[in-house]
Amino acid sequence: MKKVFLLFALVCMATAANAQFGVKRVAKYQKGEKAVYHNVEKTVVQTQMGEQVISQSSTDQYVVTDATANGYVIDITTVKVEADAPEGDIMSAITGAAAKMTEGLTIRVATDADGRAIAIQNMDEVKQKAQANLKTQLDELYAKNSQLEGVLQRDVFTAQIMDRLTEEALLSALHDSPDVMSLNGKTMMTGGIEQFTSEEGMKMKRLYVLSDKEGLMVKTTANLDMTTNELKEFIIKQMAESAPEQAEMIKQNIDALISSGALKMDVTQTADYEFFANGWLNKLTTETKSEVMGQNSRKTKTMECIEHSW
């Protein structure tokens with residue numbers, strides 16, 4: 001018993017000691033630096049009809065095209081995208097088409113002096129290229145699946161995708177979704193908590209744990225952080241966008257549906273970062289588990305640097 005208490009005391013002391021130091025991640029990029037990352041993503045969705053597996057991979061290239069005392073300009077290019085859709089799985093095919101619209105796309109990101117993204121310099125170009133890519137993908141997809149128009153109207157789907165492709169959305173993703181630059185400009189410490197909004201519009205809170213004083217090994221855990229009223233508003237908004245014909249019915253019965261557990265929502269995300277000594281990301285592993293309206297899913301993603309210029 002004494003050993004158990006001693007171990008517990010040591011753990012508390014170590015946690016307290018780690019919490020005393022804060023590490024601010026400040027980018028120290030050099031003009032001309034390049035890093036290439038390979039990403040592997042797998043999503044397993046549990047539905048009433050069984051298990052659905054969606055697999056994707058991509059290669060992204062980061063190039064520092066300008067570096068001044070005021071900040072950096074970084075070109076992020078999605079070099080290649082591969083999406084595996086099982087034969088006859090229409091939803092996986094649609095997801096893959098949306099992912100492939102980023103292939104060949106370059107996003108020019110301007111940052112502040114810490115390396116935190118503050119603007120997308122070529123937003124108009126990004127939207128035009130993305131829309132052209134999406135059209136090509138959908139031409140191929142709808143040609144192979146004649147029944148698809150009855151399941152998902154092409155114009156509606158295109159509008160939904162393009163409406164979400166905004167500078168604000170891209171910057172939010174660069175700040176709050178685990179990625180190469182997401183920790184830039186942040187002061188972190190073990191036990192530190194921050195609030196943020198996910199790409200899907202859900203309010204969440206994130207806990208930090210640092211393994212060293214330089215912040216080269218960082219682990220984060222994020223959980224859903226919404227009040228019942230915020231949850232109601234979120235669900236009604238999502239239904240209005242995805243199934244407008246059912247939105248009014250959901251709105252009228254939202255209290256009963258939430259009380260019954262039919263609209264239960266829970267999201268947990270962990271991320272493990274490993275950085276090179278110069279501050280560039282070496283490897284990132286994330287896992288996201290969610291339960292949304294009776295549908296359970298688990299998404300894992302690994303991002304690893306496979307080539308760099310330094």
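Computed from a prediction, not measured in an experiment: that's the story for all the values here. Numbers here are sequence positions counted from 1.
- Side-chain N or O atoms of T158 include none that pairs as donor or acceptor with a backbone N or O of D155 at under 3.5 Å.
- Taking each heavy atom of G32 and S309 in turn, the nearest pair found is O-OG, 4.2 Å.
- When each of K42, K289, E41, Q269 is tested with K299 by the rule side chain to side chain contact (heavy atoms under 4.5 Å, CB included), just one qualifies, namely E41.
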>> For a side chain to side chain contact (heavy atoms under 4.5 Å, CB included) check, start with the C-alpha distance between E33 and H308, then their side-chain angles and the critical distance, and finish with the verdict.
In response: CA-CA 8 Å; E33 281 186 334; H308 57 75; over 6 Å; no

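- Remark: N122 CG to I120 CD1 distance equals 7.5 Å, nearest 0.5 Å.
- A distance of 9.0 Å separates CG in L170 from CD in E199, rounded to the nearest 0.5 Å.
- Using modelled atom types, no side-chain atom of D112 and backbone atom of I118 make a donor-acceptor pair closer than 3.5 Å.
- To the nearest 0.5 angstrom, D272 atom CG is 7.5 Å from T220 atom OG1.
- Shortest non-hydrogen contact noted between K205 and F196 is C-CE2, 4.1 Å.
- In this structure the side chain of S211 never reaches within 4.5 angstrom of the side chain of K219, judged on heavy atoms.
- Each of V23, L210, V218, L207 was evaluated against T190; a single residue qualifies, L210, per the side chain to side chain contact (heavy atoms under 4.5 Å, CB included) test.
- Note on K301 versus D179: no salt bridge recorded, every NZ/NE/NH1/NH2 to OD/OE distance being 4.0 Å or above.
- Stacking of R25 on the aromatic ring of F275 is recorded, both the 6.0 Å distance cut-off and the 45° axial limit being met.
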>> Applying side chain to side chain contact (heavy atoms under 4.5 Å, CB included) to K135 and R154, what does each step give before you reach the verdict?
In response: CA-CA 10 Å; K135 180 180 183 303; R154 175 172 176 155; 3.6 Å; yes

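- Atoms NZ and OG1, from K232 and T227 in turn, are 9.0 Å apart once rounded to the nearest 0.5 Å.
- Atom OG1 of residue T68 and atom NZ of residue K31 lie 10.0 Å apart, to the nearest 0.5 angstrom.
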>> Show, in sequence, the C-alpha distance, side-chain angles and deciding distance for E200 and S198, and conclude whether the side chain to side chain donor-acceptor pair (under 3.5 Å) test is met.
In response: CA-CA 5 Å; E200 296 77 20; S198 72; 3.2 Å; yes

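- By the 6.0 Å contact criterion, NZ on K127 is enclosed, its count of non-hydrogen atoms from other residues, nucleotides or ligands being greater than 12.
- In terms of modelled atom types and a separation under 3.5 Å, the side chain of T59 and the main chain of K80 share no donor-acceptor contact.
- There is no path of hydrophobic side-chain contacts, each under 4.5 Å, that joins V26 to V109.
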>> If you apply the rule side chain to side chain contact (heavy atoms under 4.5 Å, CB included), what do you find for I94 with L141, and how did you get there?
In response: CA-CA 8 Å; I94 292 172; L141 184 60; 4.0 Å; yes

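- When all heavy atoms of S182 and Y273 are compared, the closest pair comes out as OG-OH, 3.2 Å.
- Using a 4.5 Å cut-off between side-chain heavy atoms of Ile, Leu, Val, Met, Phe, Trp and Tyr, with links allowed through other members, M265 and M239 fall into the same hydrophobic cluster.
- A salt bridge is defined here as a Lys NZ or Arg NE, NH1 or NH2 lying under 4.0 Å from an Asp or Glu carboxylate O, and K203 with D225 fails to meet this definition.
- L105 and V180 fall within the same hydrophobic cluster, where Ile, Leu, Val, Met, Phe, Trp and Tyr residues are linked whenever their side-chain heavy atoms come under 4.5 Å apart, directly or through other members.
- Of all non-hydrogen atoms in S172 and T197, the two that sit nearest each other are OG-O, 4.1 Å.
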>> Quick one, D75 with K34, criterion salt bridge (Lys or Arg N to Asp or Glu O under 4.0 Å). Give me CA distance, side-chain angles, the key distance, then yes/no.
In response: CA-CA 10 Å; D75 280 4; K34 180 179 77 171; over 6 Å; no

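- Smallest separation of non-hydrogen atoms from G115 and A27: CA-CB, 3.8 Å.
- Annotation for Q153: atom CD does not count as buried by contact number, only 12 or fewer foreign heavy atoms lying within 6.0 Å.
- Proximity of V64 to Q30: side-chain heavy atoms (C-beta onward) are nowhere separated by under 4.5 Å.
- Rounded to the nearest 0.5 angstrom, E233 CD and I254 CD1 are separated by 10.5 Å.
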> Given the rule in the side chain to side chain contact (heavy atoms under 4.5 Å, CB included) test, do L165 and M123 qualify, once you have shown the distances and angles that lead to the verdict?
Replying inline: CA-CA 9 Å; L165 184 58; M123 195 63 222; 4.1 Å; yes

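- Residues I74 and M181 form a side-chain contact, since some pair of their non-hydrogen atoms from C-beta on lies under 4.5 Å apart.
- Clustering ILVMFWY residues whenever any of their side-chain heavy atoms sit less than 4.5 angstrom apart, transitively, puts M226 in the very cluster that holds I250.
- Under a hydrophobic clustering in which Ile, Leu, Val, Met, Phe, Trp and Tyr are joined whenever their side-chain heavy atoms come within less than 4.5 Å, directly or via other members, L231 and L257 fall into the same cluster.
- No more than 12 heavy atoms of other residues, nucleotides or ligands shown are found within 6.0 angstrom of CD on Q131.
- Side chains of K100 and N133 form no contact here, defined as non-hydrogen atoms less than 4.5 Å apart.
- Side-chain atoms of R298 and Q46, non-hydrogen and from C-beta on, never get closer than 4.5 Å to each other.
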> salt bridge (Lys or Arg N to Asp or Glu O under 4.0 Å) between K186 and D114: does it pass, once the steps are laid out?
Replying inline: CA-CA 9 Å; K186 294 186 179 181; D114 294 334; over 6 Å; no

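- Minimum heavy-atom separation, A97 to Q137: O-CG, 3.8 Å.
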> Taking it one step at a time, do N184 and Y29 satisfy side chain to side chain donor-acceptor pair (under 3.5 Å)?
Replying inline: CA-CA 11 Å; N184 287 353; Y29 302 135; 3.0 Å; yes

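- Within the 3.5 Å criterion, the main-chain N or O of L281 finds a donor-acceptor partner in the side chain of Y37.
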